Protein chains: 2
Amino acid sequence: MAIPESRSVAVPPPAERPARGRRSRGPSIADVARLAGVSVGTVSHALNKPAVVAPATLARVEGAVEELGYVRNRAARDLVAGDSRTVGMVLVALDNSFIVDIARGAEEAVRAQGRSLLLANADVDLPTQDHYLSLFDESRVAGVLLAPLDAPLDGAVRVRGHGRPVVLVNYAAEGFCGVLVDEERGGYLATQHLLDLGRRRLAFVGGPLTLSAVAGRLRGARRAAQEAGVEVEHLPTRSLQPGEGRRVAAEVAARPGGERPDGLVIAADSLAVACVQALTTVHDVAVPGDVAVTGYDDNHFVSDAPVPLTTVRQPGQEMGRRAAELLAREVEEGDEHVHTTVVVVPELLVRASSSG
Amino acid sequence: MAIPESRSVAVPPPAERPARGRRSRGPSIADVARLAGVSVGTVSHALNKPAVVAPATLARVEGAVEELGYVRNRAARDLVAGDSRTVGMVLVALDNSFIVDIARGAEEAVRAQGRSLLLANADVDLPTQDHYLSLFDESRVAGVLLAPLDAPLDGAVRVRGHGRPVVLVNYAAEGFCGVLVDEERGGYLATQHLLDLGRRRLAFVGGPLTLSAVAGRLRGARRAAQEAGVEVEHLPTRSLQPGEGRRVAAEVAARPGGERPDGLVIAADSLAVACVQALTTVHDVAVPGDVAVTGYDDNHFVSDAPVPLTTVRQPGQEMGRRAAELLAREVEEGDEHVHTTVVVVPELLVRASSSG
DNA sequence: CTGTTAGCGCGTTCAT
DNA sequence: ATGAACGCGCTAACAG
């Protein structure tokens with residue numbers, strides 16, 4: 001009699017390893033316990049408070065960990081612990097040294113707190129910024145540092161609403177701790193400096209004014225000028241790109257001598273370097289002889305530029321550090337926390353573009 | 001009769017909220033289920049595959065989520081899923097545009113894969129690099145991208161040993177997928193270019209040669225020269241800092257006319273910009289008239305430099321993208337994966353420092 | 001379509 | 001000093 005077909009078919013052996021492309025889960029604390037001949041509780045103790053476990057068992061556990069290549073599972077640990085020692089930081093972009101300085105300062109301070117800092121690059125895209133904010137939120141990080149784009153803060157508000165501390169860097173908003181740089185003062189310092197040099201026909205170059213930093217710098221320039229009893233003309237730009245700097249250079253050079261500014265307060269180094277280069281090499285206007293120029297940001301290249309550029313340095317690293325400290329405080333204080341805003345002051349760096 | 005004291009003491013009410021400084025855990029899926037009047041399974045469905053749940057219940061669940069400010073707990077989700085859609089990237093440093101380009105390319109490609117990219121800055125410190133490698137390892141990320149410092153790869157080897165894919169960027173090592181740039185070719189291109197210009201007394205500036213990238217560029221320079229039947233002198237530097245560039249400039253300028261190189265292949269823009277500036281402004285040596293110069297890296301500032309610098313551009317963004325693609329493949333293929341090294345080619349950008 | 005339930009890996013009592 | 005057992009929040013599998 002024929003064996004029923006359904007029985008004659010060999011049962012496929014259980015897959016030795018997971019399906020193709022699937023990664024195995026790796027050894028767990030239970031595997032370690034089995035190999036070491038102890039219980040999971042003991043392994044956990046050996047891992048977290050080695051002091052309370054007998055040296056002999058400790059050694060056996062360590063041996064098993066080594067042999068198995070065991071790695072602690074952070075998801076499980078965080079799940080039971082209910083909190084995390086990781087801080088998330090979302091950055092508007094990475095391509096300028098100011099932001100990078102902020103990140104480095106934050107990194108240093110966060111590590112000093114015994115925490116770790118994970119960075120996410122929003123790359124000047126609001127949806128991406130919000131994506132990473134949510135990722136950190138869902139990951140239950142201890143807190144979030146955000147150097148946001150100049151745009152609505154819905155994502156940050158939501159995270160904050162979930163009770164997770166969020167500290168803003170280089171951006172002002174109600175309901176958050178924040179670290180700001182005194183933009184107004186930066187504009188004031190640069191302008192004051194040109195006035196001290198005896199320059200009187202001043203222009204502020206930069207835009208659009210929807211960039212709040214630029215608007216602040218312009219306000220500072222106006223205040224300094226007003227105190228000296230002179231005017232500051234505003235030469236607007238559509239962006240902070242070098243091309244706009246070259247355009248302004250041409251515009252300035254084209255004016256008759258008496259109407260041409262003898263001092264330019266420029267809102268960004270990118271703009272300023274291009275402007276100076278165009279002025280000196282194509283329009284035959286001397287810097288600082290005919291026109292003294294200040295930039296803004298102290299980008300890493302401006303001291304090695306053709307005409308080293310006088311500029312306003314923003315203390316990025318300090319800002320990162322302060323932000324991390326504000327965050328730590330907020331984590332510590334919980335609900336009783338009251339928000340604080342730290343304002344740091346920029347610094348004028350005098351170089352050849354204005355020191356003639 | 002006196003009531004026993006132990007009974008007369010009012011029992012302290014259970015703490016309304018956790019102890020000071022402790023953060024509450026926030027609402028869980030169970031809270032949502034309770035409020036919506038459904039089971040946790042249904043909530044999970046509503047969250048993950050909304051299609052299979054009745055519109056009415058879906059709405060109730062969404063309402064409850066909204067009202068409670070519920071946030072998915074990624075630790076728990078990853079724990080049960082056993083895998084993660086996050087990729088970790090450890091960067092040797094953030095302060096140069098090449099690395100940042102790599103990070104941006106990687107970010108873009110990783111997002112396109114439906115994954116997220118988290119960055120960690122090692123800040124040129126090996127323990128920090130290893131710390132973040134372990135963090136990602138414990139977090140069970142899908143894989144790790146590493147742009148490492150020029151140092152032993154123990155940490156990466158360990159992570160790899162745990163079965164987690166690690167792709168190296170800008171570093172060569174056995175047992176890993178990697179993306180490299182052909183340094184030798186970069187040196188060759190720059191040197192060939194100067195030879196095409198008719199320059200015959202060539203020098204290569206840079207060091208130390210323990211930097212493998214610098215050594216490769218020098219090899220390429222030597223090969224190009226050999227093919228043309230000329231020699232390349234090596235002018236070593238102790239670092240790639242601008243100061244060393246100025247030092248070399250002085251050294252070159254001090255030589256008698258006949259012994260002075262008429263072509264400089266310089267191993268880094270930082271060095272080259274400083275060298276050119278010193279040559280032209282302090283030593284009265286014309287560039288490219290007396291000496292033609294090439295740099296390396298295409299740092300963002302060299303096109304706006306005094307004398308715009310001819311340089312070798314490394315396709316950072318492409319490298320990041322390729323690395324992310326290699327990683328995705330390795331994640332996909334699991335154990336059957338065989339390591340691949342992608343070599344991308346640099347590109348010569350001719351500018352004024354050599355185009356006279 | 002919805003409810004129930006069994007783990008995922010770990011830290012933590014509480015006994016022993 | 002060690003072990004057993006519970007629960008963190010969630011998904012998947014299955015039962016209804």
Side-chain angles (χ1 to χ4, degrees), chain A residues 18-19 22-62 64-65 68-85 137-141 162-164, chain B residues 18 22-62 64-65 68-85 137-141 162-163:
Chain A
R22 283 273 299 121
R23 203 145 297 282
S24 91
R25 278 176 178 274
S28 77
I29 212 173
D31 300 313
V32 175
R34 208 168 302 130
L35 183 60
V38 296
S39 77
V40 295
T42 302
V43 174
S44 179
H45 274 150
L47 259 30
N48 299 310
K49 30 195 76 160
V52 322
V53 58
T57 27
L58 187 63
R60 295 228 309 291
V61 170
E62 282 169 347
V65 164
L68 258 30
Y70 167 78
V71 185
R72 205 168 46 247
N73 186 324
R74 213 158 192 101
R77 173 200 259 271
D78 286 355
L79 182 55
V80 46
D83 72 344
S84 149
R85 301 205 59 75
D137 198 10
E138 296 178 2
S139 299
R140 302 289 195 271
V141 295
H162 298 335
R164 197 164 313 286
Chain B
R22 282 272 300 118
R23 203 146 297 283
S24 92
R25 279 176 176 274
S28 77
I29 212 174
D31 300 314
V32 175
R34 208 168 302 128
L35 183 59
V38 298
S39 76
V40 294
T42 302
V43 174
S44 180
H45 272 150
L47 260 29
N48 300 311
K49 29 195 76 162
V52 317
V53 56
T57 27
L58 187 63
R60 295 231 307 292
V61 171
E62 283 169 349
V65 165
L68 258 30
Y70 167 78
V71 187
R72 184 155 78 249
N73 185 324
R74 216 166 189 91
R77 172 201 260 271
D78 286 355
L79 182 56
V80 46
D83 72 343
S84 148
R85 300 204 57 76
D137 199 10
E138 295 177 3
S139 300
R140 301 291 196 269
V141 294
H162 297 335

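Chain naming here is simple, since letters A, B, ... match the order of the sequence lines and numbering starts at 1 in each. All heavy atoms count here, side chains included; hydrogens, waters and symmetry mates do not. Values in this document were obtained by computation on a predicted structure and should not be read as measured data.
- Under the side-chain contact (heavy atoms from CB on, under 4.5 Å) criterion, A:V40 pairs with A:I29, A:A30, A:A33, sequence neighbours left out.
- Here CZ of A:R77 is found 5.0 Å from CG of A:N48. Values are rounded to the nearest 0.5 Å.
- Nearest-nucleotide positions on DNA chain C place B:V52 closer to the 5' end than the other of A:A75 and B:V52.
- Residues passing the side chain to side chain donor-acceptor pair (under 3.5 Å) test with A:R74, sequence neighbours excluded: B:E138.
- Listed here is the closest heavy atom pair of B:P27 and B:G69: CG-O, 4.0 Å.
- Paired with B:Y70 under the rule side chain to side chain contact (heavy atoms under 4.5 Å, CB included), one option of B:V43, B:V32, B:L35, B:V61 passes, and it is B:V32.
- One atom, CG of A:D31, and another, P of C:dC8, lie 11 Å apart when rounded to the nearest Å.
- Heavy-atom contacts of chain A under 4.0 Å fall on DNA chain D between two terminal nucleotides, which in 5' to 3' order are D:dA1 to D:dG9.
- Looking only at side-chain heavy atoms (C-beta outward), A:R140 and A:L79 stay at 4.5 Å or farther from each other.
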(message) I'd like to compare against my own output: the B/S/- annotation of nucleotides 11-16 of chain C with a strict under-4.0 Å heavy-atom distance to protein.
(response) BB----
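- From one end of the helix from C:dC1-D:dG16 to C:dT16-D:dA1 to the other, with five pairs defining each end axis, the axis direction shifts by 40° (rounded to 10°).
- Counting only residues at least two apart or in different chains, salt bridge (charged side-chain N to carboxylate O under 4.0 Å, His left out) contacts with residues 34-51 of chain B comprise B:D31-B:R34.
- Between B:R25 and A:V80, the shortest heavy-atom distance links the atoms NH2-O, 2.7 Å.
- Atoms CZ and CG, on A:R72 and A:L47 in that order, are 6.5 Å from each other to the nearest 0.5 Å.
- Summarising the geometry of A:R164 relative to A:D137, their closest heavy-atom pair is NE-OD1, 2.9 Å, with the distance given to 0.1 Å.
- Nearest-nucleotide positions on DNA chain D place A:S39 closer to the 5' end than the other of B:V71 and A:S39.
- Distance NE2 (B:H162) to C1' (C:dG9): 16 Å, rounded to an integer number of Å.
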